[in-house]
Protein chains: 2
Amino acid sequence: MFRLDIAEVAHQSGFPPSTLRFYEKRGLITSDGRQGLRRQYDDGVLTRLALIALGQRAGYSLDEIATLLRLKEGELDLSRTELQSQATTLRAKAKELQATADLLDHIAACSAPSHLECPRFKALLRDPRITGRTG
Amino acid sequence: MFRLDIAEVAHQSGFPPSTLRFYEKRGLITSDGRQGLRRQYDDGVLTRLALIALGQRAGYSLDEIATLLRLKEGELDLSRTELQSQATTLRAKAKELQATADLLDHIAACSAPSHLECPRFKALLRDPRITGRTG
DNA sequence: TGTTGACTTAAACCTCACTTCAAGTTGCAC
DNA sequence: GTGCAACTTGAAGTGAGGTTTAAGTCAACA
């Protein structure tokens, strides 16, 4: 464990200082002491920040991440079922993006004179699933 | 072409009336006339709303969608290259989500006594790509 | 001693996509 | 002519995830 000041953490983690202060206010990270006014961190904060970044990619809100990180200091105690369920959610989102990408490619390639005349496109526009809504 | 009032459009499109008024203010749709105070639409608005929903799924902002929809009244004149490039972006996002899902599954299944001791997890946390940042 | 330059703070501001609010209007049933 | 639901308006509020600003503080260097 060695100590880093805010500029160092910003540089190594890629998060700007404003974000580090914001995260501290939100209870996601802690600084331990100051040199003059400058926050000092121990190097564990870098792991914590990496976990935060991962949490964000995994679709958790900062509040959720804060809760997860508070559960055990230094340890991570995530429910395995919860992780799998989140993975399933992410896969569903990934598939939706894929499907949309395929549609865009089809529209780009379609030989119909105008996009709105493409039969597949017209069919999709009538498909209630296109909106992701129930109406 | 037949006419629908706002409640009907809301019901058929799945967008709440507040959103329809909001979209009108933003220039995404137009109502043509009123019956009393109630906005009346012609049924073309439903196609337009489906296009808006698709645009959102495809990752465009409302401003971008508004611009695209204004290009040609009733027609859609999207650059095919632009569509393909957007499709590529979506596929990249989809892959990122997949990768994150795989990681979550691995963490859930990993036999290491604590998540932070899982070698693959530790390695990933050190990987700068985990943050999606350059720092 | 004085001036940088990098930090500090609280609070305001930002974008996006809407929703909610308060006050007013309309059509229709009774 | 009264009641009422469903609309109307502009303006303000929401929530997520920050960034920016203004005013202040500090260590170091000349």
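Chain naming here is simple, since letters A, B, ... match the order of the sequence lines and numbering starts at 1 in each.
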(message) Using every non-hydrogen atom in the two residues, find where B:Arg57 and A:Thr100 come nearest and quote the distance to one decimal.
(response) NH2-OG1, 3.2 Å
(message) For a 4.5 angstrom cut-off between non-hydrogen side-chain atoms, does A:Gln86 reach A:Thr81?
(response) no
(message) So, does B:Tyr23 get its side chain near the phosphate of C:dA17, meaning an N or O under 4.0 Å from OP1 or OP2?
(response) no
(request) Find the distance A:Glu64:CD to D:dG17:C1' and express it as a whole number of Å. (result) 14 Å
(request) Using a cut-off of 6.0 Å, state whether more than 12 heavy atoms not belonging to B:Gln35 lie near its atom CD. (result) no
(request) Establish, with yes or no, whether the OP1 or OP2 oxygen of D:dT9 is under 4.0 angstrom from a side-chain nitrogen or oxygen of B:Arg34. (result) yes
(message) Just the rounded figure in Å: distance from P of C:dG27 to CD of B:Gln40.
(response) 11 Å
(message) Using 0.5 Å steps for rounding, measure from the CD atom of B:Gln98 to the NZ atom of A:Lys95.
(response) 7.5 Å
(message) When you measure from the side-chain N and O atoms of B:Gln56 to the phosphate of C:dC18, is any distance below 4.0 Å, counting only OP1 and OP2?
(response) yes
(request) Round to the nearest Å and state the distance from B:Leu62 atom CG to C:dT15 atom C1'. (result) 12 Å
(message) Can you measure B:Glu8 atom CD to D:dA6 atom P for me and round it to whole angstrom units?
(response) 14 Å
(request) Rounded off to whole Å, could you give me the CG-to-C1' distance for the B:Leu20 and D:dT9 pair? (result) 16 Å
(message) Under 4.0 Å between a side-chain nitrogen and a carboxylate oxygen: does that hold for B:Asp102 and B:Arg120?
(response) no
(request) Please state how far atom CZ in A:Arg57 lies from atom C1' in D:dG17, giving the value in whole angstrom units. (result) 18 Å
(request) Just do the side chain to side chain donor-acceptor pair (under 3.5 Å) check on B:Glu24 and B:Ser31 with the steps written out, would you? (result) CA-CA 8 Å; B:Glu24 185 168 329; B:Ser31 59; 3.1 Å; yes
Using a cutoff of under 3.5 Å, can you pull out all pairs of nitrogen or oxygen atoms linking the protein to nucleotides 19-26 of chain C, with atom names and distances?
{"from": "C:dT19", "atom 1": "OP2", "to": "B:Ser18", "atom 2": "OG", "distance (Å)": "2.8"}
{"from": "C:dT19", "atom 1": "OP2", "to": "B:Thr19", "atom 2": "OG1", "distance (Å)": "2.5"}

(request) Could you pull out the closest heavy-atom pair between A:Leu49 and A:Ser13, with the gap in Å? (result) CD1-CB, 3.7 Å
(request) Would you mind reading off the bend of the helix from C:dT1-D:dA30 to C:dC30-D:dG1 from its two end axes, five pairs each, to 10 degrees? (result) 30°
(request) Would you indicate whether the side-chain heavy atoms of B:Ile6 and B:Tyr41 approach each other to under 4.5 Å? (result) yes
(request) Can you tell me the distance, in whole Å, between the CD atom of A:Glu24 and the C1' atom of C:dA10? (result) 14 Å
(message) Rounded to whole Å, please give me the gap between CZ in B:Arg39 and C1' in D:dA6.
(response) 13 Å
